[in-house]
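Computed from a predicted structure; not experimentally measured. So that the names make sense, note that chain A is the first sequence line, chain B the second, and so on, each numbered from 1.
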Amino acid sequence: MNKNELKKAALGGLLQNPVFVLVLGTCPTLAMSGTLANAFGLGVATAFVLICSNVFISLLRKVIPDRVRLPGYIVIIATFVTVVELAVAKFFPALNESVGVFIPLIVVNCIILGRAEAYAGKHGALPSLIDGVSMGLGFIAAISLLGLIRQGLTLAGFGVFSQSAGGFIIFGILMALFNLLIDTVKRRNRRQLFRAGTGGKQ
Amino acid sequence: MSMFFSILLSGLITDNMVMMRTLGICPFLGVSKKLESGLGMGLAVTFVLVLASVVCYVLYYYVLAPLSLVYLQTIVFILIIAVLVQVLDIVLKKLSPALYASLGVYLALITTNCVVLFTANNVISQGFNILGAFVNAVAVGLGFTLALLLMAGIRERLDRAALPKSVQGLPIALITAGIMALAFMGLKGLFGG
């Protein structure tokens with residue numbers, strides 16, 4: 001496994017941010033980002049499942065027959081979700097009260113199945129671990145950012161932002177800003193490449 | 001009877017899965033570009049919802065609970081949903097190839113539509129009886145279809161609007177959904193929450 005590939009996996013959470021760029025896992029992101037605490041709690045639970053299932057699926061990728069790989073992945077993911085479900089109910093009763101309904105829904109979070117299909121099923125355990133950590137952190141960052149903004153606006157007196165409507169609007173605006181940022185960076189890179197290219201010829 | 005009416009109303013409007021609970025957003029954004037495919041998707045989801053709710057209900061109360069295997073709920077439910085979607089896939093391919101083609105990958109993705117799993121879980125946690133589970137699934141499915149159709153109608157027009165490049169596509173769709181959700185919140189007030 002070369003270094004370049006590991007680096008690429010490690011940067012995936014930022015450059016291919018699961019929420020803003022790949023637009024995966026939108027439902028929990030919107031539903032649970034009303035407050036920062038909920039957002040962070042669900043983010044960590046999701047990241048844990050993502051990392052565990054990435055490593056496990058990568059280890060089992062040669063054992064699982066290709067034709068039944070999706071049901072296989074889902075069973076592995078559901079198992080880890082059940083682990084998280086039971087652990088949260090036992091050790092974090094407050095979190096269980098607020099995000100409990102959404103923990104089983106981690107099974108159908110497309111980030112996890114998406115990474116299993118796109119990455120863990122094709123790569124070794126170490127890169128898959130790094131990919132899981134990076135994507136997990138990217139998810140935690142995105143959902144927490146949304147939670148921070150929405151809770152801030154709610155505390156400032158705009159109660160609508162704790163509701164679904166505010167979530168949609170803030171998410172839309174953030175995604176537009178992210179697009180703008182990526183476009184600007186790309187354009188600048190292209191210009192630099194262009195300059196470097198002509199400079200080389202002369 | 002009034003209980004069924006309130007289940008129906010809450011599934012359709014005041015507790016609309018897409019607008020009020022922000023579940024099922026992927027198909028909501030992905031298949032809402034045309035009215036026909038929006039309607040097809042909505043009905044396919046409704047079909048899976050009804051079957052999944054009823055089958056999960058029966059399995060939970062007659063198999064999992066007596067054997068005290070309740071902790072397997074998540075795993076069992078998701079497997080049932082996956083099997084039902086596979087069946088729907090085979091049936092649709094045979095009966096309506098045109099609809100099958102227009103739904104594309106989103107048909108298989110009904111498995112990972114959180115509305116389905118959430119509703120199946122919700123039936124258990126709300127303690128509905130089997131008739132309630134059935135009505136609830138129909139109401140949730142119709143509510144999902146309603147949101148999808150409204151969005152598709154708006155997006156067919158949005159496509160022709162002159163917008164800054166970074167707002168085009170998903171961002172403006174999300175902001176539109178936010179404004180739609182505001183309208184749904186207004187209706188919630190109308191029916192007394």
Side-chain angles (χ1 to χ4, degrees), chain A residues 20 23-34 70-71 73-86 89 100-114 159-161 163-184, chain B residues 16-30 71-79 81-83 85-86 108-118 120-122 124-125 163-186 188:
Chain A
F20 290 120
V23 203
L24 296 174
T26 316
C27 310
T29 311
L30 279 169
M32 276 297 115
S33 60
L70 286 182
Y73 293 168
I74 286 192
V75 172
I76 294 174
I77 295 168
T79 309
F80 284 113
V81 169
T82 306
V83 170
V84 171
E85 225 180 310
L86 296 174
V101 197
F102 277 85
I103 290 179
L105 296 189
I106 295 177
V107 181
V108 288
N109 188 320
C110 5
I111 295 176
I112 297 172
L113 197 61
V160 71
F161 287 106
Q163 308 271 340
S164 59
F168 278 121
I169 292 174
I170 297 290
F171 191 35
I173 293 174
L174 280 180
M175 199 188 282
L177 290 178
F178 211 87
N179 282 349
L180 196 66
L181 187 77
I182 286 184
D183 266 4
T184 321
Chain B
N16 189 294
M17 283 292 161
V18 178
M19 292 281 98
M20 304 309 289
R21 285 189 183 266
T22 65
L23 292 177
I25 302 297
C26 303
F28 173 67
L29 293 175
Y71 62 90
L72 286 179
Q73 187 182 340
T74 308
I75 301 178
V76 170
F77 281 17
I78 193 70
L79 279 179
I81 295 169
V83 169
V85 172
Q86 193 65 53
L109 286 183
I110 296 179
T111 308
T112 54
N113 184 333
C114 27
V115 172
V116 182
L117 186 60
F118 181 85
N121 277 338
N122 203 28
I124 306 297
S125 62
L163 291 162
K165 189 169 167 273
S166 55
V167 188
Q168 275 169 19
L170 286 181
I172 191 65
L174 280 167
I175 293 170
T176 311
I179 298 169
M180 282 164 69
L182 278 177
F184 273 79
M185 278 166 67
K188 190 173 184 173

Pick from [options] with the largest number of heavy-atom pairs that fall under 4.5 Å of chain A:
options                                : value
B/Asn121, B/Leu29, B/Leu170            : B/Leu170
B/Gln86, B/Gln73, B/Met185, B/Gln168   : B/Met185
B/Cys114, B/Ser125, B/Ala181, B/Pro171 : B/Pro171
B/Val167, B/Ile75, B/Ile81, B/Val83    : B/Ile75
B/Val18, B/Leu72, B/Ile78              : B/Ile78

When rounded to the nearest 0.5 angstrom, what distance separates [atom1] in [X] from [atom2] in [Y]?
X        : Y        : atom1 : atom2 : answer
B/Ile25  : A/Leu30  : CD1   : CG    : 5.5 Å
A/Phe168 : B/Leu182 : CZ    : CG    : 10.5 Å
A/Leu181 : B/Ser166 : CG    : OG    : 10.5 Å
A/Leu105 : B/Leu23  : CG    : CG    : 6.5 Å
A/Met32  : B/Thr22  : CE    : OG1   : 7.5 Å
A/Ile169 : B/Thr176 : CD1   : OG1   : 9.5 Å

Region of B/Leu79 that comes under 4.5 Å of a non-hydrogen atom in chain A: side chain
Could you look at B/Ala82 and say if it's the side chain, the backbone, both or neither that has a heavy atom under 4.5 Å from chain A? neither
For [X], is it the side chain, the backbone, both, or neither that has a heavy atom closer than 4.5 Å to a heavy atom of chain B?
X        : answer
A/Thr29  : neither
A/Leu113 : side chain
A/Phe102 : side chain

Against chain B, work out which of A/Gly166, A/Gly167, A/Pro104 has the most heavy-atom pairs shorter than 4.5 Å and name it. A/Pro104
With no hydrogens and no angle check, is any side-chain donor or acceptor of A/Ser164 less than 3.5 Å from a backbone partner on B/Met19? yes
